Amino acid sequence: MTEAYFPQEIEKRWQKIWEENNTFHTPDNSEKPKYYALSMFPYPSGKLHMGHVRNYTITDVIARFKKMQGFNVLHPIGWDSFGLPAENAAMKHGADPAKWTDENIAYMTKQLKMLGLSYDWKREVTTCKPEYYKWTQWLFLQLYKKGLAYKKEAAVNWCNTCGTVLANEQVIDGKCWRCDSVVEKKFLSQWFFKITEYADQLLEDLEKLPGWGDNVKTMQANWIGKSHGAIFRFKVKEIEGMEVPVYTTRPDTVHGITYLVVAPEYKDIEKLTTPENKQAVEEYRANARKMTEIERLSTDRVKTGVPLGTHCINPFTGEEFPLWTADYALVEYGTGAVMAVPTHDTRDFDFAKKYNLPMKVVIQNPENPSDCKDEAYTEEGILINSNEFDGMKNTEAKTAITQKAVDGGFGEFKTQYRLRDWLISRQRYWGAPIPVVYCDKCGIVPEKEENLPVMLPTDVDFSVIGKSPITTSKTFKDTTCPICKGHATREMDTMDTFVCSSWYYLRYTDARNSEKCFDKDLVNKWLPVDQYVGGIEHAILHLLYSRFFTKALRDCGLLDFDEPFKNLLTQGMVLKDGSKMSKSKGNTVDPDEIFENFGADTARLFILSDSPPARDFDWSDAGVEGCYKFLNRVWRLASEGINNGDILKDYNFSFPLSRENDDLVRTVHIAIKGITNDISNDFQFNTVISKYRELTNAIYDWRGKKGQLNGEDKNVFTFAVESLIKLMSPVTVHMSEEIWHEFGHENSIHDEKWCEWDENLAKASKITLVVQVNGKVKDKVEVDEGLSDDKLKQTALSTDKIKELTAGKEIVKTIVVPKKLVNIVIKG
RNA sequence: GCUCCAGUGGCGGAAUCGGUAGACGCGUUGGACUUAAAAUCCAAUCGGGGUUCACCCUCGGUGCCAGUUCAAGUCUGGCCUGGAGCACCA
């Protein structure tokens, strides 16, 4: 065995052998229990970045560890390959998005293989290939049949730079998630998925996910935004038979209403406007349309509005109050109208102050009454000025008042969600075409399943500006109606790429099936994913959509489970010099360079070593070198062992051993136990790696003390080094394999069983007893493991130091913590 | 404003149940080897004070203030700071 460690040569060689031997193929039929380890699949942007390296290394180590523990592990990879960057690149360079995408996939595949990842490449999926998007379209049709896909005219988010609409989830701070441009509102007819129908399930089933972080779960819960309240319907005084319904979470304040607000886009607003007010209202509405989302939704903005001239009647009091329009009411939420109680709502208060509208206090804290002149009182309290409800606690009044409305026929209890339906149409080329046609006679007609896939046309002109390139195709638009065979035109929009990524994890179970989306038995056998690993940026988007898809497909009879991802690990970002790696900051580290200079094993080891997976990780060049040195140290231990004849082909030793050898064997067992627990317990790879180092240090120390090794020593030494190599094998996949073979083994170390430990050996023969006086450490004594509590107490009390400290003092009590510590409580 | 997460040496971070705070590493300093360098190895490294000064003793220390306890980084209450998410959602 060479004395020097040459990772590049070793890594290339083993990668080739593994590929030839099909080492990481996953059989569908196996006696072993299944384990599905999954990384969020990449967008083929061109090259891997360190975030990918971290993500895939974490999942790979988990997959390998589980495999060694005896599971049949599914660990697949694929490409989320539809999307704007390919199309933008095509427009810029006049290339074909398909070609651009294929080239990127080819390059990144090479990089993934260089990282030594244990993927079953036979299950690779690529969402932009017809054999995949055929099934994306097929699933769309299933949702359509279920009434979960529908088209409607709505106020939607429009990104002018990307030239397409966006889902609510893709608007961050009023800006496009991709290009950061300010998003506008447009009224367009678009395709939606009815995710709101699953709002309650999506919320409640979060409780079925103890393996998800609280941060992700609360983000989803907040996004769904369930609230309890009431609908009240107010008669319009001036218009016979006309009513304005409002949604409120504060029915208890209904006696304090002094005006009512409808959104500028409210459907009946023109009817509700008197001729005298028409001009002002029209101007206000036009102005609101012009404003961006950001301007409109800014909370710091001074509220504005104009009166409509009409009035509503409060059915609880008979009072009349004016109707206004103001853009602080949102047309998409609730009923689009708000009952305003300035005394008990800060927004209504601000508005009422500005326009000098009346206020009426109806809730009061009896101990500290407020007149609500300076600010709204939004806390709990007792009702006043509320007729028969006076004196009631407001929490109880919510129910009582709503009940009165129910009984009177002018209201009901109502649960409301913030979640909106998922807008999936995109006015872009590089996506899965929505498989519907518009027939001159039959209207909207879904494409027949046997006609799938609806192929993306290739005769398109990418140089067009201001419209989707797909519209330039001469072959795509005109078609025949599947029902009447008459003339029809195809839907020109494609699907949001998040639709493609909402089901890819299902396709891996049966990736090559050309007859079906997936085999039902296979999908139910492999799913749910046992461990999903990816970035926190998908906390709402991809993870919420996938959960919705799973539930919807379950209801279509395609799946037997409710939740796709049993455990979720959201890995932290990879930072450099304290900030996120990015091209614009110029602080990126190229994985290729690291592979070339240090090898993939060093990269894998380092990316796991310094921080727990969920935390951000600061890349440091010194840290990489430190890991490289450590691997050299392990390599030397093995190569010197072989070259000196200290490594035996098989080890074999029996107890009792000499003291030092016994200690080393115990150290190995302690390491096996610790490393196994650390991986099993939230994948604490940073402490796993520190334990690799501790074990390595211990073996070095032991050998340093021994000098020449005798027969028993060689057996123990071989056991120790071989255990170390095996424990490291999920991380340093190539080096461990190389050393394993140098030690004379014929099989792959990756087919080996994980190391086991003996509980009796996984502890030191001696323990350090800590002796405290009044809770402060005063002395430490080496004692044999397994002494009784009484014996420990006696030992503690009999040391010179403790005798001195306790002399002449009263010992109040003595607490013994078995195998650890004695605390002596003294007085005086 | 609301919600969640975090706060430990010069740095990344350790510390099952409340039981030796700072594992392991990075960095720094000193030393060995060497003509020299690289590599490697050894040692020191939370702060203040003391001392008979390689040992040792003592006090303080996990964002802040209280509390529970024989014992608190860990539990409880109240704050402060940073990060993330949501935000005119009635």
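Just so you know, these numbers come straight off a predicted model, no measurement behind them. Per chain, numbering begins at 1; letters A, B, ... match sequence-line order.
- Taking only side-chain nitrogens and oxygens, A:Tyr692 never comes nearer than 4.0 Å to OP1 or OP2 of B:C24.
- Partners of A:Glu782 according to the side chain to side chain contact (heavy atoms under 4.5 Å, CB included) rule, which considers only residues two or more places apart in sequence or in another chain, are A:Lys766, A:Thr768.
- Residues passing the ring pair (Phe, Tyr, Trp, His ring centres under 6.0 Å) test with A:Phe316, sequence neighbours excluded: A:Phe232, A:His255, A:Phe410.
- Listed by chain and number, the residues in a salt bridge (Lys or Arg N to Asp or Glu O under 4.0 Å) with A:Glu759 are A:Lys673 (sequence neighbours excluded).
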Between protein and nucleotides 38-58 of chain B, map the contacts as a letter string: B base, S sugar-phosphate only, - none, heavy atoms under 4.0 Å, written 5' to 3'. --SS-----------------
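- With the 3.5 Å cutoff on both pairing distances, Watson-Crick and G-U pairs in RNA chain B assemble into runs of at least 3 at B:1-7 with B:80-86, B:10-12 with B:24-26, B:27-32 with B:40-45, B:46-50 with B:56-60, B:63-67 with B:75-79.
- A:Asn632 pairs by the side chain to side chain contact (heavy atoms under 4.5 Å, CB included) definition with A:Tyr5, A:Tyr628, A:Arg636, not counting sequence neighbours.
- Here ring-ring contact (aromatic ring centres under 6.0 Å, His included) pairs that include residues 776-797 of chain A, with residues two or more places apart or in two chains, number zero.
- A search for side chain to side chain donor-acceptor pair (under 3.5 Å) contacts involving A:Arg178 returns nothing, not counting sequence neighbours.
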Base-contact (B) and sugar-phosphate-only (S) positions in nucleotides 17-23 of chain B, heavy-atom cut-off under 4.0 Å, - elsewhere: --BBS-B
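- Evaluation of the ring pair (Phe, Tyr, Trp, His ring centres under 6.0 Å) rule for A:Trp177 yields A:Phe498 as partners, not counting sequence neighbours.
- In this view, A:Arg633 satisfies the salt bridge (Lys or Arg N to Asp or Glu O under 4.0 Å) rule with no residue, not counting sequence neighbours.
- Within the structure, a side-chain polar atom (N or O) of A:Asn697 is placed less than 4.0 Å from OP1 or OP2 of B:G25.
- When the side chain to side chain contact (heavy atoms under 4.5 Å, CB included) test is applied to A:Glu375, no partner is found at least two apart in sequence or on another chain.
- Taking only side-chain nitrogens and oxygens, A:Gln220 never comes nearer than 4.0 Å to OP1 or OP2 of B:U3.
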